[in-house]
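Working notes, beginning with the structure itself.
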Amino acid sequence: LRGNVETRLRKLDEGQYDAIILASAGLIRLGLEDRITHRFDIEQFVPAVGQGIIGVECRADDTRSIELVRALNDTLAWQCCEAERAFAFRLQGSCQSPIAGHARIEDGQVQLRGVIGSPDGQEMYRGVHTGAVADVHSVGTALADRLLDAGGRALLEKLGVS
């Protein structure tokens with residue numbers, strides 16, 4: 001869809017679409033929470049890897065900047081992002097890859113939910129893997145390997161994205 005949120009909602013209201021999917025966070029920030037008619041459960045709709053994560057970059061040798069941005073770091077979000085990135089890296093994922101991943105930390109464990117799917121949604125490989133927060137990279141890699149072995153490898157090869 002093209003246009004900002006208001007444009008997209010106007011097109012919906014005009015009947016140009018039967019429905020649209022927008023991020024709840026964005027609608028809430030804009031004071032449009034009343035426009036939310038359904039919220040997808042994470043089991044139904046796994047977001048893109050790293051979705052919602054804000055990154056700040058600085059030079060590796062710029063110790064002053066590193067110290068300043070360190071205060072902005074959310075350790076739990078960073079650990080979740082690292083698990084998701086390990087998953088995507090193992091799948092050789094890019095912005096064009098039909099993959100999704102979402103991690104959360106509960107009770108000292110990281111739980112990663114991942115998907116490899118065909119663009120039309122007819123072929124889907126889903127899974128969940130849980131492990132120690134200290135080992136987020138292994139959690140991501142293990143889930144990727146399991147989905148690849150379940151049929152995801154063949155799908156990605158068929159789509160020419162692996």
Side-chain angles (χ1 to χ4, degrees), residues 1-58 68-69 71-107 109-130 136 139-140 143-144 146-148 150-162:
L1 301 177
R2 292 243 184 248
N4 61 29
V5 172
E6 288 85 0
T7 300
R8 294 173 186 197
L9 289 171
R10 180 181 46 77
K11 289 178 178 182
L12 175 68
D13 294 340
E14 291 171 350
Q16 293 185 37
Y17 311 115
D18 293 326
I20 59 175
I21 298 173
L22 299 171
S24 293
L27 292 170
I28 292 166
R29 259 192 321 274
L30 293 170
L32 300 170
E33 187 170 3
D34 61 316
R35 297 299 305 259
I36 300 170
T37 59
H38 179 79
R39 293 178 194 259
F40 287 100
D41 186 285
I42 196 70
E43 287 82 22
Q44 295 173 301
F45 195 88
V46 180
V49 167
Q51 190 70 34
I53 296 290
I54 297 173
V56 178
E57 289 187 42
C58 58
L68 290 171
V69 298
L72 302 174
N73 190 42
D74 178 329
T75 302
L76 295 179
W78 177 79
Q79 291 166 321
C80 288
C81 187
E82 286 296 299
E84 294 172 19
R85 289 175 62 180
F87 174 75
F89 183 79
R90 176 67 182 96
L91 297 175
Q92 298 176 7
S94 71
C95 294
Q96 305 304 314
S97 302
I99 64 172
H102 180 266
R104 65 175 65 161
I105 295 177
E106 294 177 9
D107 300 323
Q109 297 280 304
V110 62
Q111 179 189 72
L112 176 63
R113 183 175 306 280
V115 177
I116 301 172
S118 61
D120 64 5
Q122 296 300 306
E123 194 173 345
M124 301 289 278
Y125 301 94
R126 298 174 172 269
V128 178
H129 190 78
T130 302
V136 293
V139 171
L143 179 57
R146 198 164 80 228
L147 296 183
L148 287 168
R153 180 177 289 105
L155 173 60
L156 291 173
E157 288 172 359
K158 180 171 63 175
L159 295 173
V161 293
S162 73

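Position 1 is the first residue of the sequence; numbering continues from there. Please read these numbers as outputs of a predicted model, since none were measured by experiment.
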Point to revise | Salt bridge Asp13-Arg35, side-chain N to carboxylate O under 4.0 Å | key: yes
Review point. Rounded to the nearest 0.5 Å, how far does CG of Leu1 lie from CG of Leu22?
Key: 7.5 Å
Review point. Do Leu148 and Leu91 have side chains that get closer than 4.5 Å, going by heavy atoms?
Key: yes
Check your understanding: Does the pair Glu6/Arg8 count as a salt bridge with the N-to-O cut at 4.0 Å?
Key -> no
Check your understanding: What is the minimum heavy-atom distance between Gly140 and Leu112, and which atoms define it?
Key -> CA-CD2, 3.4 Å
Point to revise | Side chain to side chain, Lys158 and Arg153, heavy atoms closer than 4.5 Å | key: no
**Study point:** Intermediate values then yes/no, side chain to side chain contact (heavy atoms under 4.5 Å, CB included), Val46 and Arg126
**Key:** CA-CA 10 Å; Val46 180; Arg126 298 174 172 269; 4.1 Å; yes
Exercise for review: For residues Gln111 and Ile105, determine if any side-chain heavy atom of one lies less than 4.5 Å from a side-chain heavy atom of the other.
Suggested key: no
Study note, to complete from the structure: Heavy-atom nearest pair, Pro47 first then Ile42, reads CD-CD1, 3.4 Å
Review point. Val56 and Val69: which non-hydrogen atoms are nearest, and at how many Å?
Key: CG1-CG1, 3.5 Å
Check your understanding: If you take all heavy atoms of Ile116 and Gly152, which pair is closest and at what distance?
Key -> CD1-CA, 4.0 Å
Exercise for review: Answer yes or no: are there more than 12 heavy-atom neighbours, outside Asn4 itself, under 6.0 Å from its atom CG?
Suggested key: yes
Review point. Can you find a pair of side-chain heavy atoms, one from Ile53 and one from Trp78, that are under 4.5 Å apart?
Key: no
Check your understanding: Would you find a donor on one side and an acceptor on the other, under 3.5 Å apart, between the side chain of Glu84 and the backbone of Gly50?
Key -> yes
Point to revise | Partners passing side chain to side chain contact (heavy atoms under 4.5 Å, CB included) against Gln96 (at least two apart in sequence or in another chain) | key: Ser94
Review point. Can you name the residues that form a side chain to side chain contact (heavy atoms under 4.5 Å, CB included) with Val136, not counting sequence neighbours?
Key: Gln79, Glu82, Ala83, Val110
Review point. CD1 of Ile54: more than 12 outside heavy atoms within 6.0 angstrom?
Key: no
Check your understanding: Are there more than 12 heavy atoms of other residues, nucleotides or ligands under 6.0 Å from atom CZ of Arg29?
Key -> no
Point to revise | Interatomic distance, Arg104 atom CZ to Thr130 atom OG1 [nearest 0.5 angstrom] | key: 10.5 Å
Check your understanding: Is there side-chain contact between Leu27 and Leu9, with heavy atoms separated by less than 4.5 Å?
Key -> yes
Check your understanding: Between Glu33 and Arg39, is the closest basic N to carboxylate O distance under 4.0 Å?
Key -> yes
Check your understanding: How close do Arg90 and Ala144 get, heavy atom to heavy atom, and via which atoms?
Key -> CG-CB, 3.4 Å
Check your understanding: So how far is it from Leu12 CG to Thr7 OG1, rounded to the nearest 0.5 Å?
Key -> 12.5 Å
**Study point:** Distance in Å, Cys81 SG paired with Leu76 CG, rounded so as to fall on 0.5 Å steps
**Key:** 13.0 Å
Review point. Under 6.0 Å from the CZ atom of Arg113, do we count more than 12 heavy atoms belonging to anything else shown?
Key: yes
**Study point:** Side-chain donor or acceptor of Asp120 paired with backbone N/O of Gln122 under 3.5 Å
**Key:** yes
Check your understanding: Mind checking whether Val161 and Pro98 have side chains closer than 4.5 Å, heavy atoms only?
Key -> yes
Check your understanding: Closest approach of Ser118 and Leu159, non-hydrogen atoms and distance?
Key -> CA-CD1, 4.3 Å
Practice item. Determine whether Val115 and Met124 make a side-chain contact, defined as any pair of heavy atoms from C-beta on separated by less than 4.5 Å. Key: yes
Practice item. If a pair satisfies ring pair (Phe, Tyr, Trp, His ring centres under 6.0 Å) and one of its residues is in residues 79-104, list it, with sequence neighbours excluded. Key: none
